[in-house]
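Input: a single structure, listed below in structure tokens.
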There are 2 protein chains.
Amino acid sequence: MSNSHQPEVRTYLITKTLVPENQETPIHFINADIVSKRLFYRRNHFPYPSFASSFYFLPIEGLVHNPKVFSLQEIYSLPSKTIKVVLECSGDKRELFKPKVYGEQWGKGAISQGIWKGVPLRSLLEYTGLLDTAKEIVFEGHDYGERPDSNQLFSFSRSLPIEKALDPDTIIAYEYNNQPIPFKHGFPLRLIVPGWYAMASVKWIKKIIVIDKEFKGPFQAVDYVYYPNKENDSGKFPVTTINVNSTIKYPLNRNLLYSGVYEINGIAWTGKDHIAKVEISFDEGQTWDTCQITSSSEKYAWVRWNYKWKALKKGEYTILSKATDSKGNVQPLEPMWNRKGYGYNALDSIKVKIE
Amino acid sequence: MSNSHQPEVRTYLITKTLVPENQETPIHFINADIVSKRLFYRRNHFPYPSFASSFYFLPIEGLVHNPKVFSLQEIYSLPSKTIKVVLECSGDKRELFKPKVYGEQWGKGAISQGIWKGVPLRSLLEYTGLLDTAKEIVFEGHDYGERPDSNQLFSFSRSLPIEKALDPDTIIAYEYNNQPIPFKHGFPLRLIVPGWYAMASVKWIKKIIVIDKEFKGPFQAVDYVYYPNKENDSGKFPVTTINVNSTIKYPLNRNLLYSGVYEINGIAWTGKDHIAKVEISFDEGQTWDTCQITSSSEKYAWVRWNYKWKALKKGEYTILSKATDSKGNVQPLEPMWNRKGYGYNALDSIKVKIE
């Protein structure tokens, strides 16, 4: 046996919990703009659902003129839409909150991006119509189980307000990266709500129900709610749109480097339109330099950015990145602390030492 | 297609760097006492070496009476020794130091355990003899490259004092878990130095050289040295024996639990003889309860331990674990801070919230 070439070296998902499966993308080692199925982060509330996908149909019912059950073939045959979308768990970067919060300690990798293809939800609703009293649309997933705070069984269900449901970019997806959606990511049908944190993008859709009130399921009214106070629920409001954000991918935090020229690089994203600029600071945010954005800045997608750093002087450096979106939203110096740890989007910060 | 059973869910190595490959074991999700090759942590200083293992021979030279080149067949034919050994990187838990230090930010998983089989080094040295002037034995690995602090090429080389080299448990291993050593872990021959941090267990041994002085290679005299001072090298001393240590595997840090009875569990290990007891505290170390050790306490191996916790009162809890070895070494409340971040062994500490 001769070892004349390097054995394969790969990166992997980072396990947070195995039952249910919660694993994070090794975001610092992802160089592509399209995350493969193997490295797409996995976020589950329950065990994977069991259902016979050969008998799969999608009913739309409730406050509609004509309730209808769609077959997969009908859905596949309708005009489709294909969108590059960042999906980010609202708990992404939770471990960075100070004071620390409880729950899955996601690092910076509860985020992935890829190409979703499907049919706009509004195209399906054109078949059923909506009664005037329609207020929200509920998406029920096939996944269900007990929540630790109760003995009742719940399915993972979430609602959208009518306006967001009718957004032409809100799709019932059936392909990811030109393949059927991987089972773990919602096969055969997954709601994709571009611009919203990914709890909205319900996997394994079982049923769509139009209702005339605010949906109060526990994944809408208990979880995925910002609670700004530690001790009580005052001031709470729902988690929806993705906050403007950025992550430094290279260097890694606490890297020990030698003087030279380095290409600092990372990604930036927002749920509100698109990224307008990314800046970098080496002096705790007193001054900022503009980074080069090296990918096209599209709505719903992350941008790649880089910055050529001449690291000549020895010492310890704090490097901060700051993204601004086209609506003028800017990453804050401090995150909005909230008890369940959602929506972290403070300036990204790493420390390196030049020797 | 019917999904009547759960899709496979696995845990993976946790990437620290890809070039060279440094990946950590997902220790919280390892339930076995024997870590599979797939999940054994990988720690490299250089790219993987290239050499023709079909022409592999092991020379022992330097201050010996009879220099000798051993073939693999000769080594396989000698009386063997099989030992269950913890290998722990001396940088394990580095990310926990406060103030934080630079370098690979290993979490709690730069540690694995398995069964190594090989021939005692002393059996080989019986063939060559040692001159009276012999002081240290140097092990040169096939892996080499530039260090960031110099343009010179270095191989990964380390020495042992004669006494440790002659310890009957110091072996030239050729099997891991009843299989040839995986290439990434040192195939065909790896030095295994039970009880010492794993930098001593040189992989892909190329050559063994007996010398009459202290070896000063950079992996002996620059790295793998405790520097207790941030600004200068005073008080430095070499990294050798594994410190007594423990890790709480379950619950995970920052878990949100509901009142009930939980089995807290973990592992404990030491390089100095064997583990004598493991204790747990829920009151910041004011009082300690004894944990049950559920595996036999052997030299060089970790023990598994658990504790039945009746978590009835709501609130936030700090859980501390503390191991004591048979030599009376006890985990300290604070680690011995050192500039390069070796040998972290403070009490393990997690926080959980009971709701």
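The chains referred to below are lettered A, B, ... by the order of the sequence lines, with proteins before strands, and numbering in each begins at 1.
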Is the closest side-chain heavy-atom distance between A/I181 and A/W204 below 4.5 Å? no
If we only count heavy atoms from C-beta on, is the B/S112 to B/L39 side-chain gap below 4.5 Å? no
Is there any residue in residues 10-17 of chain B with a non-hydrogen atom under 4.5 Å from a non-hydrogen atom of chain A, and which ones are they? B/R10, B/T11, B/Y12, B/L13, B/I14, B/T15, B/K16, B/T17
For the interface with chain B, which of A/K351, A/E316, A/E355 has the highest count of heavy-atom pairs at distances below 4.5 Å? A/E316
Please classify the contact of B/V19 with chain A as side chain, backbone, both or neither, using a heavy-atom distance under 4.5 Å. neither
Could you tell me whether the side chain of A/W309 reaches within less than 4.5 Å of the side chain of A/V261, counting heavy atoms only? no
Determine which residues belonging to residues 40-48 of chain B lie within contact range of chain A, meaning some heavy atom pair is under 4.5 Å apart, and list them by number or answer 'none'. B/R42, B/P47, B/Y48
Tell me whether A/K353 at atom NZ has more than 12 heavy atoms from other residues, nucleotides or ligands lying less than 6.0 Å away. yes
List the atom of B/I354, the atom of B/A311, and the distance in Å for their closest heavy-atom pair. CD1-CB, 3.5 Å
Do the side chains of A/H28 and A/T247 get nearer than 4.5 Å, heavy atoms only? yes
If every non-hydrogen atom of B/V101 is compared with every non-hydrogen atom of B/Q105, which pair is closest and at what distance? O-NE2, 3.0 Å
For A/L252, which atoms come within 4.5 Å of any heavy atom of chain B: side chain, backbone, both, or neither? side chain
Portion of A/E8 that has a non-hydrogen atom of chain B nearer than 4.5 angstrom: backbone
Can you find a heavy atom in the side chain of B/I264 that is under 4.5 Å from one in the side chain of B/F282? yes
If you count heavy-atom pairs under 4.5 Å with chain A, which of B/G103, B/G260, B/P148 comes out on top? B/P148
Got B/I267 and B/I27 here, is their nearest side-chain heavy-atom distance under 4.5 Å? yes
Identify the residues of residues 337-344 of chain A whose heavy atoms come closer than 4.5 Å to a heavy atom of chain B, ordered by number, or report 'none'. none
Evaluate the ring planes of A/F156 and A/Y224, with Trp represented by its six-membered ring, and classify them as parallel (under 30°), tilted (30 to 60°) or perpendicular (over 60°). perpendicular
B/N31 versus B/K249: any side-chain heavy-atom pair under 4.5 Å? yes
I need the minimum non-hydrogen distance between A/P251 and A/I350, along with the two atoms involved. O-CD1, 3.4 Å
Looking at side-chain heavy atoms only, is the closest gap between A/V202 and A/F219 below 4.5 Å? no
Tell me whether the count of non-hydrogen atoms from other residues, nucleotides or ligands lying under 6.0 Å of OH in A/Y56 goes above 12. yes
Using side-chain hydrogen bond (donor to acceptor under 3.5 Å, both in side chains) as the criterion, list what pairs up with B/N151, not counting sequence neighbours. none
